[in-house]
Amino acid sequence: MKDILEFILKYVPAYLNEFIAVAVSPWQFMATRNRENINHNLTNALAFLGITLCFVWLLQAPLINKDEFFSRFVSAIIHMLIIVVVFSALLRLCWKIVGGKADFKPFLITYCYFTGVVTFIFVIFKLVGSGLIKMNAPEFYRLIMSNDRAQIEALNVYADHYVIIGSLVQLGGILVSIIWLAAAWGAYRQLNQLSKTRSVVAYLLFVLFSSPVLSAFYFIAVALN
């Protein structure tokens, strides 16, 4: 544990530079991470994802019950690690079907960095949208946070224009994340050195295969809760 903490503390100063680099130029950044020193770069990628998750979790602290904060944080870390490994393997399978020959570790490195950026984008939009609702419709905000579906439907909460605006901002986070991922997808094509046509096929296969996997994760989460 001590060695892990020391590594993270040493890595923090480089974190911001890496975040900006991968967010602005994902293709170029990943090209420097998937050629040499793969084991070292994998450690850095996991640290990048871990620090991002810690940061976004702290940003969301006001939205989480204090008594549940730590347990939910640990649960989120475990779920994220499982998702990263499973979907990295799924990506490799999809690219292998179309002729890709890249090893598993570069896929894992790329997915860690991309997940970190997308998680940050999504949480920022979520917080801005929640802030707009909380500021302008505090009674509806408290109701939404309570997750009381009966009351939410009875009061027609989502008919309020401030709630609509806040919800649209949150949906905007999903849209921006999708657009960014679409722009970054070329990093996988670059990794596998394949044509754009095969890249499109790999993307369609990933969408096809990921749907049942996501459904499985959802039902497992429901069962555990």
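Just the heavy atoms: all of them, side chains too, but no hydrogens, waters or symmetry mates, feed the values below.
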Check whether Ser199 reaches the backbone of Ser195 with its side chain - one donor and one acceptor, N or O, closer than 3.5 Å.
no
Stepwise, does the side chain to side chain contact (heavy atoms under 4.5 Å, CB included) test hold for Glu18 with Arg33?
CA-CA 11 Å; Glu18 287 204 334; Arg33 292 298 185 275; 2.8 Å; yes
Between Cys112 and Ala45, the two heavy atoms sitting closest are CB-O, 3.7 Å
If hydrophobic clusters are built from ILVMFWY residues whose side chains come within less than 4.5 Å, do Leu132 and Tyr162 share one?
no
For residues Ile124 and Leu59, determine if any side-chain heavy atom of one lies less than 4.5 Å from a side-chain heavy atom of the other.
yes
Please indicate whether Tyr15 has more than 12 foreign heavy atoms, meaning atoms of other residues, nucleotides or ligands, lying under 6.0 Å from its OH.
yes
From the options Phe114, Trp185, Phe125, select the one residue that forms a ring pair (Phe, Tyr, Trp, His ring centres under 6.0 Å) with Trp180.
Phe114
To the nearest 0.5 Å, atom CG of Leu91 lies from atom CG of Leu191 at 10.0 Å
At what distance, to the nearest 0.5 angstrom, does OG1 of Thr43 lie from CD1 of Ile38?
11.0 Å
Intermediate values then yes/no, side chain to side chain contact (heavy atoms under 4.5 Å, CB included), Asn192 and Lys101:
CA-CA 6 Å; Asn192 289 276; Lys101 300 187 184 304; 5.8 Å; no
Going by atom types only, do Lys105 and Asn39 share a side-chain donor-acceptor pair under 3.5 Å?
yes
Note, Leu49 side chain near Tyr111 side chain (heavy atom, < 4.5 Å):
no
Output yes when a side-chain donor or acceptor of Arg198 lies under 3.5 Å from a complementary backbone atom of Val98, and no otherwise.
yes
Show your reasoning for whether side chain to side chain contact (heavy atoms under 4.5 Å, CB included) applies to Met30 and Tyr188.
CA-CA 9 Å; Met30 295 317 307; Tyr188 292 111; over 6 Å; no
Output the distance between atom NZ (Lys96) and atom CG (Leu205), rounded to the nearest 0.5 Å.
14.5 Å
Check the hydrophobic clustering (I, L, V, M, F, W, Y; side-chain heavy atoms under 4.5 Å; chains of links allowed) and say if Val118 and Ile179 are grouped together.
no
Considering non-hydrogen atoms only, spot the tightest contact between Ala31 and Gln190 and give its length.
CB-NE2, 3.3 Å
Can you tell if the side chain of Leu208 reaches within under 4.5 Å of the side chain of Leu204, non-hydrogen atoms only?
no
Does Ser25 reach the main-chain N or O of Ala21 with its side chain, forming a donor-acceptor pair under 3.5 Å?
no
At their closest point, which heavy atom of Gly100 faces which heavy atom of Leu194, and how far apart are they?
N-CD1, 3.5 Å
CZ (Arg92) and CD1 (Ile97) are apart, to the nearest 0.5 Å, by 12.0 Å
Exercise: identify the closest heavy-atom pair between Trp27 and Ala183:
NE1-O, 2.9 Å
Cluster question for you: counting only ILVMFWY and a side-chain heavy-atom cut-off of under 4.5 Å, with indirect links fine, are Val117 and Val24 together?
no
Tell me, do Ser210 and Phe87 make a side-chain contact under 4.5 Å, heavy atoms counted?
yes
Above 12 or not: heavy atoms from other molecules or residues under 6.0 Å from CZ of Phe122?
no
Measure the acute angle between the ring planes of Phe120 and Phe19, then classify it against the limits of 30° and 60° as parallel, tilted or perpendicular.
perpendicular
CD1/Ile165 to CD1/Ile133 distance, rounded to the nearest 0.5 angstrom?
9.5 Å
Is it true that Leu16 and Ile51 fall in one hydrophobic cluster, defined by side-chain heavy atoms closer than 4.5 Å?
no
Take Tyr203 and Cys94 through the test side chain to side chain contact (heavy atoms under 4.5 Å, CB included) and record every step on the way to the result.
CA-CA 8 Å; Tyr203 176 78; Cys94 294; over 6 Å; no
Flag the pair Glu139 and Lys134 as a salt bridge only when some basic side-chain nitrogen lies within less than 4.0 angstrom of an acidic carboxylate oxygen.
no
Give the ring-plane orientation class for Phe29 versus Tyr113, where under 30° counts as parallel, over 60° as perpendicular and anything between as tilted.
perpendicular
Nearest 0.5 Å, what's the CG-OG1 distance between Leu53 and Thr115?
8.5 Å
Just wondering, do Phe107 and Leu90 contact through their side chains at under 4.5 Å, heavy atoms?
no
Do any N or O atoms from the side chain of Gln60 and from the backbone of Val56 form a donor-acceptor pair under 3.5 angstrom?
yes
Can you get from Leu168 to Met135 by hopping between Ile, Leu, Val, Met, Phe, Trp and Tyr side chains that sit under 4.5 Å apart?
no
Under the criterion side-chain contact (heavy atoms from CB on, under 4.5 Å), which of Thr110, Asn41, Asp103 is the partner of Asn34?
Thr110
Can you tell me if Thr52 uses its side chain to pair, donor with acceptor, with the backbone of Phe48 under 3.5 Å?
yes
Would you please name every residue forming a side chain to side chain contact (heavy atoms under 4.5 Å, CB included) with Ile82, sequence neighbours left out?
Ile78, Val86, Phe217
Going by heavy atoms in the side chains, are Val213 and Phe209 under 4.5 Å from each other?
no
Between the side chain of Gln170 and the main-chain N/O of Lys126, is any donor-acceptor distance below 3.5 Å?
yes
